[in-house]
Number of protein chains: 2
Amino acid sequence: MSSVIPANIGVLGAGQLGRMLALSGYPLGNRFTFLDTTGSPSAGIGEVIVDPDNQHLAAFLDRVEVVTYEFEHLPVALVREIEQHKPVYPGSRAIEVCQNRVEEKALFDRLGIPTPAYRVVESADQLEAAARELGCPVVAKSVTEGYDGKGQAVLKQPEQAQEAWQSIGHSRLIVEAFVDFVREVSMIAVRGRDGQVVFYPMAENQHVDGILRYSVAPLPDLDERVQQTADGYIRALLDELDYVGVLALELFQTRDGSLLANEMAPRVHNSGHWTMDGAVTSQFENHLRAVQGLPLGSTEATAPTCMVNVIGREGDSAALLAIGNTHLHRYDKAERPGRKLAHVNVVAETHAELLDKVRACQALLPEAPPVAWSFESTL
Amino acid sequence: MSSVIPANIGVLGAGQLGRMLALSGYPLGNRFTFLDTTGSPSAGIGEVIVDPDNQHLAAFLDRVEVVTYEFEHLPVALVREIEQHKPVYPGSRAIEVCQNRVEEKALFDRLGIPTPAYRVVESADQLEAAARELGCPVVAKSVTEGYDGKGQAVLKQPEQAQEAWQSIGHSRLIVEAFVDFVREVSMIAVRGRDGQVVFYPMAENQHVDGILRYSVAPLPDLDERVQQTADGYIRALLDELDYVGVLALELFQTRDGSLLANEMAPRVHNSGHWTMDGAVTSQFENHLRAVQGLPLGSTEATAPTCMVNVIGREGDSAALLAIGNTHLHRYDKAERPGRKLAHVNVVAETHAELLDKVRACQALLPEAPPVAWSFESTL
């Protein structure tokens with residue numbers, strides 16, 4: 001790394017996560033080549049190889065020294081093939097596990113990471129039996145290709161099993177009990193090539209219709225032991241997978257304070273975007289440091305911060321910036337219902353001030369739902 | 001600005017300042033087109049039109065909605081021509097003044113901004129007389145095209161006038177008395193299209209061989225009245241020039257605390273790079289906000305910060321990042337003696353800790369001179 005020739009980093013995928021990786025990596029001296037298989041890249045930066053028919057992999061590999069990715073719904077065979085030629089971080093094993101809900105749950109179980117009660121079913125009858133056993137409501141999800149709420153159904157009665165089975169249309173489902181959670185949280189951690197692990201403070205996430213809307217960190221009411229427990233869970237995953245880069249773990253926190261793992265993502269994550277303006281080192285920079293074997297940066301939060309997602313329609317940029325200590329991150333994408341177009345990081349001195357400013361943001365964003373933080377009444 | 005079509009910003013020049021403008025502007029939704037007249041652009045980002053023979057101005061103008069620049073040594077006629085087609089911020093008047101040391105000093109005088117004593121001379125004999133009158137040593141500078149110590153000579157005796165006149169080789173020089181200064185400081189301020197002005201905390205600068213090496217801000221020993229005086233000086237300049245964007249003003253601070261203006265630069269400035277990691281809003285983002293008519297961001301410093309320039313040869317990136325709360329900003333340029341290749345922003349809790357960390361940085365940079373801060377003994 002003392003070389004004056006910058007590392008060219010290959011990124012599988014060319015959306016906003018790749019864009020933000022590149023924006024974080026240019027200052028390190030990196031260059032970026034994206035391999036886009038969708039035919040509609042939006043990174044808007046770096047060199048983009050549009051390759052929907054998988055014809056240009058060799059050209060991509062020729063250009064890059066190390067490969068990472070911005071989404072995990074990649075053919076595992078493709079990632080394994082790339083690993084024959086160039087280092088890929090995180091490795092194909094992480095993708096394999098994260099693509100398969102059964103393998104993911106099995107890994108959580110093996111590592112002693114609690115999850116909501118679940119069953120694996122292979123027929124409508126088994127689904128009905130599982131719904132009775134777990135107690136409705138339950139959620140049934142396809143084992144593979146689940147993403148952003150697709151391939152899922154909620155059963156309010158066991159008798160809905162037949163209908164749910166048909167609507168999902170997969171041969172193997174995972175059925176999960178509903179959790180009476182107080183809040184959804186996520187852990188973002190980073191593991192270096194040398195095994196060093198650093199943890200960001202836990203964030204509270206607010207989803208609406210399966211899409212993340214707000215993430216706030218650090219949490220003013222978080223018991224240090226809960227953070228340590230979460231650190232332990234994610235460290236176990238990182239070490240088990242011999243993982244390199246950023247890993248995100250979504251969890252439910254229940255009334256008694258305990259944590260249940262929901263799912264993980266082997267990449268930089270929307271619930272870690274607050275780190276761009278609220279932590280000493282952003283998740284993007286730390287991911288790039290990890291994949292290049294550089295020392296990891298401090299994950300310390302610098303101030304109460306909330307990430308506000310801009311979905312479907314943009315707001316008035318000038319009015320958003322006028323709120324003060326708001327940081328706009330636009331993705332240069334056309335408006336479309338449900339599409340992630342940008343996020344705004346709001347930074348404040350206190351959580352009470354933060355809440356006021358986030359509400360001011362929300363009022364300027366046509367599609368933003370009301371803010372609801374679990375700790376609001378304590379402010 | 002609520003539009004989903006991002007503003008395409010045209011930048012005259014395509015070096016590291018343009019690169020950092022672009023890295024700050026992508027998150028705002030901007031795109032960038034650079035016009036490079038040198039034939040050796042280094043921005044490494046955005047669209048670069050290489051145009052050493054001035055053939056592609058129309059194509060450049062077609063692409064962009066607003067024009068700014070990263071260096072002021074541009075033909076004023078070119079900037080005026082561009083102003084006929086697209087808004088240029090800061091305007092050609094600022095360039096004109098900053099290119100001409102006599103006009104610049106006259107403006108300082110007119111606005112009541114103190115400067116070191118000076119004379120304008122048009123012959124070797126006049127130079128000798130001025131040196132006698134001001135008292136040696138004096139520095140003689142060409143009126144135009146002065147940049148990074150070129151076109152200058154120091155006279156230790158009036159008798160050196162003939163030799164200095166020959167070596168500079170211009171028909172009109174400005175001769176300045178030496179100032180017995182305690183430190184060199186700079187002011188960075190930003191003026192919006194609506195006339196709003198915001199000021200960064202003053203930075204102390206350490207030059208060696210005419211090249212900036214270190215800038216530190218905020219200053220722990222700075223009298224608030226001195227900052228206010230400097231704010232007043234730069235505000236007078238901004239208002240007088242009906243200026244839009246970032247303006248940098250370099251000053252000397254003398255033993256009695258008073259300030260003498262040295263020179264100004266109508267652009268983002270090396271002595272403002274600390275703001276990328278040490279202020280709420282960087283000078284780059286604020287410059288872009290200004291030229292687009294967006295509200296300006298807070299200029300508040302978030303922690304003691306020192307910018308360490310990497311000149312000529314790079315250091316070991318891994319070792320620099322391992323220092324902790326160090327932020328690397330590499331320009332993706334080849335090593336060459338005297339060339340600005342990167343800077344490292346070092347952030348700390350206290351100025352004493354900052355000094356230790358900057359010394360650790362210096363030890364890792366082959367060409368970095370010893371750190372010498374005027375306030376070191378007070379820490």
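Labels below follow one simple rule: chain letters A, B, ... track the order of the sequence lines, proteins then strands, and each chain is numbered from 1.
Neither the backbone nor the side chain of B:His343 has a heavy atom closer than 4.5 Å to any heavy atom of chain A. Contacts between B:Leu321 and chain A at a heavy-atom distance below 4.5 Å involve backbone atoms as well as side-chain atoms. Only the side chain of A:Ile45 comes within contact range of chain B, with heavy atoms under 4.5 Å apart. For chain B, the nearby part of A:Arg289 is the side chain; its heavy atoms alone come within less than 4.5 Å.
Of all the heavy atoms in B:Ala318 and A:Pro295, the pair that sits closest is O-CG, 3.2 Å.
The neighbour count for A:Glu300 CD, taken as heavy atoms of other residues, nucleotides or ligands under 6.0 Å away, does not exceed 12. Counting heavy atoms of neighbouring residues, nucleotides and ligands inside a 6.0 Å radius, atom CZ of B:Arg359 exceeds 12 of them.
Between chain B and the options A:Thr326, A:Leu320, A:Val280, heavy-atom pairs under 4.5 Å are most frequent for A:Val280.
Atom NE2 in A:His329 sits 9.0 Å away from atom CG in B:Leu28 (nearest 0.5 Å).
Within the 4.5 Å cutoff, side-chain heavy atoms of A:Pro27 are placed close to those of B:Leu23.
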Practice problem: Show your working on side-chain contact (heavy atoms from CB on, under 4.5 Å) between B:Asp332 and A:Arg31 and close with a plain yes or no. | Solution: CA-CA 9 Å; B:Asp332 199 356; A:Arg31 294 174 185 177; 2.7 Å; yes
